[in-house]
Protein chains: 2
Amino acid sequence: MAKRPPSMFDVAQASGVSHQTVSRVLNNHESVSDKTRAKVLASMEKLGYRPNLAARALVTGKSSTIGVLSYDTTLFGPASMLHAIRESARDVGYALNTVTLKSIDRESVENGIQELINAGVDGLVIIAPHYVGDKPFSNIPGSVPTVIVEGEDAGKIPSVNVDQILGAQLAVEHLISLGHKRIAHISGPENWFETQKRIEGWKCALDKSKLSTKSLVAGDWSARSGYEATKEILKDPKVTAIFAANDSMALGALKALSEAKIAVPAKMSLIGFDNLPESEFLVPELTTVTQDFQEVGKRSLDLLIAQIEGKKISTKRLAITPTLAIRASTAKAPH
Amino acid sequence: MAKRPPSMFDVAQASGVSHQTVSRVLNNHESVSDKTRAKVLASMEKLGYRPNLAARALVTGKSSTIGVLSYDTTLFGPASMLHAIRESARDVGYALNTVTLKSIDRESVENGIQELINAGVDGLVIIAPHYVGDKPFSNIPGSVPTVIVEGEDAGKIPSVNVDQILGAQLAVEHLISLGHKRIAHISGPENWFETQKRIEGWKCALDKSKLSTKSLVAGDWSARSGYEATKEILKDPKVTAIFAANDSMALGALKALSEAKIAVPAKMSLIGFDNLPESEFLVPELTTVTQDFQEVGKRSLDLLIAQIEGKKISTKRLAITPTLAIRASTAKAPH
DNA sequence: ATAATCCCCGTTATCGCTCACATGGCGATC
DNA sequence: GATCGCCATGTGAGCGATAACGGGGATTAT
């Protein structure tokens, strides 16, 4: 027999004031004398009063919830991002309503967005690492504050991105500086935003040094795909360095190289992307690019909250700078 | 100028019925003629009507949201679990409100629970891999349906667990069957539930075979800690096999063994726990224990929904059976 | 002493929905 | 043909909070 939990009226009655005064205390309204405030707070404590969020949401039209649309959250990147966003959101008093997509066709993206909007979120964070075709996110009502993370530009929606091109350039230029001439790339799946940017950075760095041979094999972020891709790459004996678009694929590459009895870094240099906590403990320790997910999460939430609170936003495009962690898997080119 | 979105009354007016009829259509109530139903649905479509969840939650007292209390969701285990729960929840029409804990003292656990309850969740999934001291979760009102995942028994709260003891036994017995006599264990942090269970399974298996030497070093799930722990273990030259309590630590162990020039599995067998997607591509491929997180998530949600809907629950303790994935990192003991 | 001004607090309406109950119509029953 | 009963629909209340406005009492100004 769960009896009805105490409402404002119960608290009001218990402390001999009106429910409105209770509401004022709750919202830290100023025009309440210290004495009554204390009285009300005492009654709230005594009765174990908890405000009913649904009722508040109904009347204010604000749910104090932000919606996050994401993709496979078992992957290190999305998981870290989500975690960072959650932490930031909690700090500013927002709950999270997360929808994860299984596939990323246009329809499921729109469904996910619709679902979140129906749930009454105050704002939207879209972790959109894929290209979804033309007019993405067209069904977001203009009234819903939105931030896009790691996604393609979508009109005037603010976005936060790690500078993927720069990250790839850092990696490849490091290899070039070590004297490598033929640097293969294991990319992510074609329809990912990050994939394209990293390819672009890789190509750009090669072009800058007039290295025209660009051997590219696409993976799917998994270790298995890195393993397979590397076997493919090894058909060209001139390749002396591999830039994998993430650490998992680099790990798979390591296995393929080991099976082919090609020493890393003596005969082949290898570089990854993401800096998994484990990467430092691979054999050999993996040189990789570090993205500050924490920072991305924090920044995107700042941007979102600013919109929700109706503040003017100065920067619409925020780029986070990645850094290179140089470790043992890269060395001077052989010869 | 965001004008007010259409409400039931708008739909009612547009289709010439009462708001109550609209409500009935919305909730698939039977006593509505096909003709009016169609008419109402058409108006809803035309006006772009979306039910206001907050209003519904207010009057029904149900939010169609379940709360999840979890720990560091960047770890593979919790992340997978969370993902599975989210999928299952969505399938049955529930949203998720997740709170992640930074530390796991009793107070933050209770705060987290309180926070979720205040938010009006219909049920609670507590992923509680730690021992939190006595009377954990004591502040959960009896009226809030709850399921504990991977946690210690807490009175009459239903729980779903992977059989960690069995998992550890499988691992250790596999090593024993290969002739290993001295099998060291790298455990997780002491205050984790899983740590204790895996230690128990390890000890139990050793006892069964009358192996009395039990060298145990505690790690913290990280690759680094596995690396350090292994260096410690190697001080005893009689150890021929290591059972690490998760794959990340096993990966760290691999590095320490490589540095000590101890061949795996020729001189040392190594076994992990979790079966990370990457583990199959380590060098050598890692033998490990597989937990079906998907299943755990699905089962726990079933249990929760059953409670929410007031059904009788037959099983209060659900154990999921782990399996052993035998790969290249384990082999016959040397000599 | 009277008017003006604040400060505190109460009254009433409202958000969008569901629940409990009332009502009208039509066929079946005797 | 009057009674019953069921089906389809409407009416009114109320969920628990905030918003807008109104009003008494003490303080200050005139």
Side-chain angles (χ1 to χ4, degrees), chain A residues 2-44 47-65 93 95 117-122 143, chain B residues 2-41 43-44 47-65 93 117-122 143:
Chain A
K3 67 174 181 304
R4 192 175 51 77
S7 77
M8 285 184 95
F9 286 85
D10 300 317
V11 176
Q13 205 155 26
S15 36
V17 297
S18 80
H19 67 110
Q20 177 59 10
T21 300
V22 178
S23 168
R24 277 191 269 256
V25 170
L26 212 60
N27 298 303
N28 291 314
H29 205 288
E30 43 194 45
S31 302
V32 180
S33 74
D34 290 349
K35 206 169 63 179
T36 37
R37 183 186 303 274
K39 207 163 50 180
V40 170
L41 286 172
S43 309
M44 295 204 309
L47 297 180
Y49 168 76
R50 301 290 154 188
N52 182 321
L53 286 270
R56 174 180 294 166
L58 174 58
V59 63
T60 60
K62 257 82 190 58
S63 61
S64 289
T65 297
I117 290 179
N118 290 350
V121 299
D122 295 343
S143 53
Chain B
K3 65 172 182 305
R4 191 175 50 76
S7 77
M8 283 184 99
F9 286 85
D10 299 317
V11 176
Q13 204 157 25
S15 35
V17 298
S18 79
H19 66 109
Q20 177 58 14
T21 300
V22 177
S23 169
R24 277 190 269 255
V25 170
L26 211 59
N27 297 305
N28 290 316
H29 203 289
E30 43 194 45
S31 303
V32 181
S33 74
D34 290 348
K35 206 170 63 179
T36 32
R37 183 186 303 275
K39 207 162 51 179
V40 170
L41 287 172
S43 307
M44 295 204 309
L47 297 181
Y49 168 75
R50 301 291 155 186
N52 181 320
L53 282 295
R56 173 180 295 166
L58 175 58
V59 61
T60 59
K62 258 81 189 63
S63 60
S64 290
T65 297
I117 290 178
N118 290 350
V121 299
D122 294 344
S143 53

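Each chain gets a letter, A, B and so on, in the order its sequence line appears, and its residues count up from 1.
With sequence neighbours left out, A:D122 forms a side-chain hydrogen bond (donor to acceptor under 3.5 Å, both in side chains) with A:S63. Residues satisfying the side chain to side chain contact (heavy atoms under 4.5 Å, CB included) criterion with A:A14, sequence neighbours excluded, are A:S43, A:L47. Residues passing the side chain to side chain contact (heavy atoms under 4.5 Å, CB included) test with A:A55 are A:N52, B:L58, sequence neighbours excluded. Residues forming a side chain to side chain contact (heavy atoms under 4.5 Å, CB included) with B:L26 (at least two apart in sequence, or on another chain): B:M44, B:Y49, B:P51, B:R56.
Over its length, the helix from C:dA4-D:dT27 to C:dC30-D:dG1 turns its helix axis by 50°, as judged from the five terminal pairs at each end, rounded to 10°.
Sequence neighbours left out, the pairs with a member in residues 5-26 of chain A that pass ring pair (Phe, Tyr, Trp, His ring centres under 6.0 Å) are A:F9-A:H19. Within the structure, every pair that satisfies the salt bridge (Lys or Arg N to Asp or Glu O under 4.0 Å) test and touches residues 8-27 of chain A, not counting sequence neighbours, is listed here: A:R4-A:D10. The stretch residues 32-42 of chain A participates, sequence neighbours left out, in these side chain to side chain donor-acceptor pair (under 3.5 Å) pairs: A:S33-A:T36.
Of all the residues in residues 36-43 of chain A, not one reaches under 4.0 Å from DNA chain D with any non-hydrogen atom.
If you walk DNA chain C from 5' to 3' and mark each nucleotide with an atom closer than 4.0 Å to a heavy atom of chain A, the marks span C:dC8 to C:dG16.
By the 6.0 Å contact criterion, CD on A:Q13 is open, its count of non-hydrogen atoms from other residues, nucleotides or ligands being 12 or less.
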Extract from the structure each pairing of a protein N or O with an N or O of nucleotides 14-23 of chain D at less than 3.5 Å, listing the distance.
| from | atom 1 | to | atom 2 | distance (Å) |
| --- | --- | --- | --- | --- |
| D:dA17 | OP1 | A:Y49 | OH | 2.6 |
| D:dA17 | OP1 | A:N52 | N | 2.9 |
| D:dA17 | OP2 | A:M8 | N | 2.5 |
| D:dA17 | O5' | A:Y49 | OH | 3.4 |
| D:dT18 | OP1 | A:N27 | OD1 | 3.3 |
| D:dT18 | OP1 | A:N27 | ND2 | 2.9 |
| D:dT18 | OP1 | A:R56 | NE | 3.3 |
| D:dT18 | OP1 | A:R56 | NH2 | 3.4 |
| D:dT18 | OP2 | A:S23 | OG | 2.5 |
| D:dA19 | N6 | A:Q20 | OE1 | 3.2 |

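At the phosphate of D:dT9, OP1 or OP2 sits under 4.0 Å from a side-chain N or O atom of B:S33.
Side-chain N or O atoms of B:S15 include one that pairs as donor or acceptor with a backbone N or O of B:V11 at under 3.5 Å.
Between B:K35 atom NZ and D:dC7 atom C1' the separation is 15 Å, expressed in whole Å.
Taken to the nearest 0.5 Å, the OG1 atom of B:T60 stands 7.5 Å off from the NZ atom of B:K62.
In this structure, B:R50 and B:P5 have side chains that are not in contact, with every pair of non-hydrogen atoms separated by 4.5 Å or more.
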